Amino acid sequence: MFNTPILNSPHGVMLMPLLPNALASVLPTAFDADQRYSVDLHMHSTASDGALSPTDLVTLCAGRGLTHMALTDHDTMEGVEEASRAAQQAGLCLVPGCELSTRWQGINIHVVALMPGGLQGPMIEGLEQQREARIKRAEVIAERLEKMGLPNALEKARAQAGGDRPLGRPDFARALVAEGVVADWAGAFKRYLGSGKKGDVKAHWPEISEAVGWVVASGGVAVLAHPLRYGLTRRKRGLLMDTFMEAGGQGVELVSGQQNPDATRDLARQLVERELYASLGSDFHFPGSYAAPGSMSSVPRTAAPPIWQHPRLAHLRDAPSGMLGAKPLNQLS
Ligand code: AMP
Ligand code: MN
Ligand code: MN
Ligand code: MN
């Protein structure tokens with residue numbers, strides 16, 4: 001049966017969802033069919049390197065028929081309060097969150113923190129530490145890029161970022177393009193900023209176990225972000241998951257953006273073996289890219305339980321969509 005949600009926008013206009021008809025609008029207790037869901041638990045706003053304000057992001061999600069979303073900006077929850085207000089207006093369920101930059105065996109690993117109680121506990125100090133790390137890291141990246149032909153790199157990246165948020169590699173990528181050092185964004189990462197390049201500065205990030213510890217001790221659920229995007233062998237990915245679990249990590253992004261179905265099924269087996277919960281997200285950053293909110297590949301049939309089955313996120317599953325706006329899920333401490 002088609003169960004496409006039709007939402008009332010704040011202006012009373014009926015918006016047809018852009019997602020395919022096979023979208024399930026109620027959160028299932030199991031992934032028992034290969035399909036897509038009206039849920040996106042990994043997205044960015046202008047609070048980090050996304051193009052849309054938290055409000056505009058929520059409006060886009062509502063227009064696309066999403067019922068549940070998480071805002072997961074890099075190392076900050078600054079956008080969550082605004083997103084919460086917009087979500088209440090739009091009648092969709094917003095999970096406060098962020099995406100933590102961490103290290104494991106010399107690799108930059110991302111951990112999505114789903115924080116149903118908002119920013120609280122050791123995460124407050126953790127995000128402060130991340131903020132300082134990001135500021136120091138930007139100085140090191142700038143020094144290195146200056147040696148490689150981008151004078152005044154810090155100022156140029158700052159100009160690209162607009163506001164005064166801590167800088168990220170995308171800001172340096174834009175500066176490299178704007179100055180004609182590289183032809184495009186992809187070239188900036190390939191030559192200067194991507195994994196293993198000079199501008200890929202990781203020393204400032206905490207070990208993955210430390211970051212997972214903050215999340216778990218703060219009432220949150222830690223989700224290993226996009227495990228297929230680190231260039232790891234299956235075996236090494238398993239070791240990463242083991243370390244993540246030993247630190248208290250509870251879930252893994254089974255689907256992140258567009259994935260090869262065979263790779264996803266194989267990843268699902270690694271989750272099931274470890275009794276990890278499965279999450280899903282688009283990693284949306286800006287309109288016009290391949291990723292739109294809710295546009296990720298379908299979730300395969302799997303015994304790995306959906307992340308909203310985790311006791312800490314149970315109110316997400318149980319409440320009817322659009323009803324969580326006034327509930328504690330959206331209240332920030
Ligand atoms: P940072 O948080 O400063 O480490 O920057 C990481 C962000 O840069 C990612 O979340 C992506 O948005 C972007 N990024 C990282 N690697 C690449 C890449 N190879 N190509 C394009 N964008 C990338
Ligand atoms: Mn990003
Ligand atoms: Mn990431
Ligand atoms: Mn992300």
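For ligands, and for the atoms within them, numbers begin at 1 and follow the listed sequence. Here the structure is a predicted model, which is why all the values come from computation and not from measurement.
- Under the 30°/60° scheme for interplanar angles, the aromatic rings of F31 and W308 are found to stand perpendicular.
- Heavy atoms of other residues, nucleotides or ligands lying less than 6.0 angstrom from CZ of R131 number 12 at most.
- At a threshold of 4.0 Å, the pair D200-R169 counts as salt-bridged, since one of the basic side-chain nitrogens sits closer than that to a carboxylate oxygen.
- The Mn ion (ligand 3) does not have D283 among its coordinating residues (no N/O/S atom, backbone or side chain, under 2.8 Å).
- H226 lies close to the Mn ion (ligand 3), since one of its N, O or S atoms is found at a distance under 2.8 Å.
- Look at E273 and R269 and you find no salt bridge, because none of the NZ, NE, NH1 or NH2 atoms lies under 4.0 Å from a carboxylate O.
- Distance check: Q130 CD to W214 CH2 gives 4.0 Å after rounding to the nearest 0.5 Å.
- For H74, the N, O or S atom closest to the Mn ion (ligand 2) goes by the atom name NE2.
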Present, as a list of atom pairs with distances to 0.1 Å, all nitrogen or oxygen contacts under 3.5 Å between ligand 1 and the protein.
{"from": "ligand 1", "atom 1": "2 (O)", "to": "R134", "atom 2": "NH1", "distance (Å)": "3.4"}
{"from": "ligand 1", "atom 1": "2 (O)", "to": "R134", "atom 2": "NH2", "distance (Å)": "2.9"}
{"from": "ligand 1", "atom 1": "3 (O)", "to": "R134", "atom 2": "NH1", "distance (Å)": "3.1"}
{"from": "ligand 1", "atom 1": "3 (O)", "to": "R137", "atom 2": "NH2", "distance (Å)": "2.4"}
{"from": "ligand 1", "atom 1": "3 (O)", "to": "R169", "atom 2": "N", "distance (Å)": "2.8"}
{"from": "ligand 1", "atom 1": "4 (O)", "to": "R137", "atom 2": "NH1", "distance (Å)": "3.0"}
{"from": "ligand 1", "atom 1": "4 (O)", "to": "R169", "atom 2": "NE", "distance (Å)": "3.0"}
{"from": "ligand 1", "atom 1": "4 (O)", "to": "R169", "atom 2": "NH2", "distance (Å)": "2.9"}
{"from": "ligand 1", "atom 1": "10 (O)", "to": "H74", "atom 2": "NE2", "distance (Å)": "2.9"}
{"from": "ligand 1", "atom 1": "12 (O)", "to": "D49", "atom 2": "OD2", "distance (Å)": "3.1"}
{"from": "ligand 1", "atom 1": "12 (O)", "to": "H285", "atom 2": "NE2", "distance (Å)": "3.1"}
{"from": "ligand 1", "atom 1": "22 (N)", "to": "W185", "atom 2": "NE1", "distance (Å)": "3.3"}

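- Counting backbone and side-chain atoms alike, H44 contributes no N/O/S atom closer than 2.8 Å to the Mn ion (ligand 2).
- The Mn ion (ligand 2) sits nearest to atom OD2 when only the N, O or S atoms of D49 are considered.
- Within a 6.0 Å sphere centred on CG of D164, other residues, nucleotides and ligands contribute 12 heavy atoms or fewer.
- Between K156 and E179 there is a salt bridge, with a side-chain nitrogen of the basic residue lying less than 4.0 Å from a carboxylate oxygen of the acidic one.
- Within H110, the N, O or S atom at minimum distance from the Mn ion (ligand 3) carries the name ND1.
- The Mn ion (ligand 3) sits nearest to atom OE2 when only the N, O or S atoms of E99 are considered.
- With no hydrogens or angles considered, a side-chain donor-acceptor pair links S256 and R229 at under 3.5 Å.
- A salt bridge does not link D49 to R174: none of the charged side-chain nitrogens sits closer than 4.0 Å to a carboxylate oxygen.
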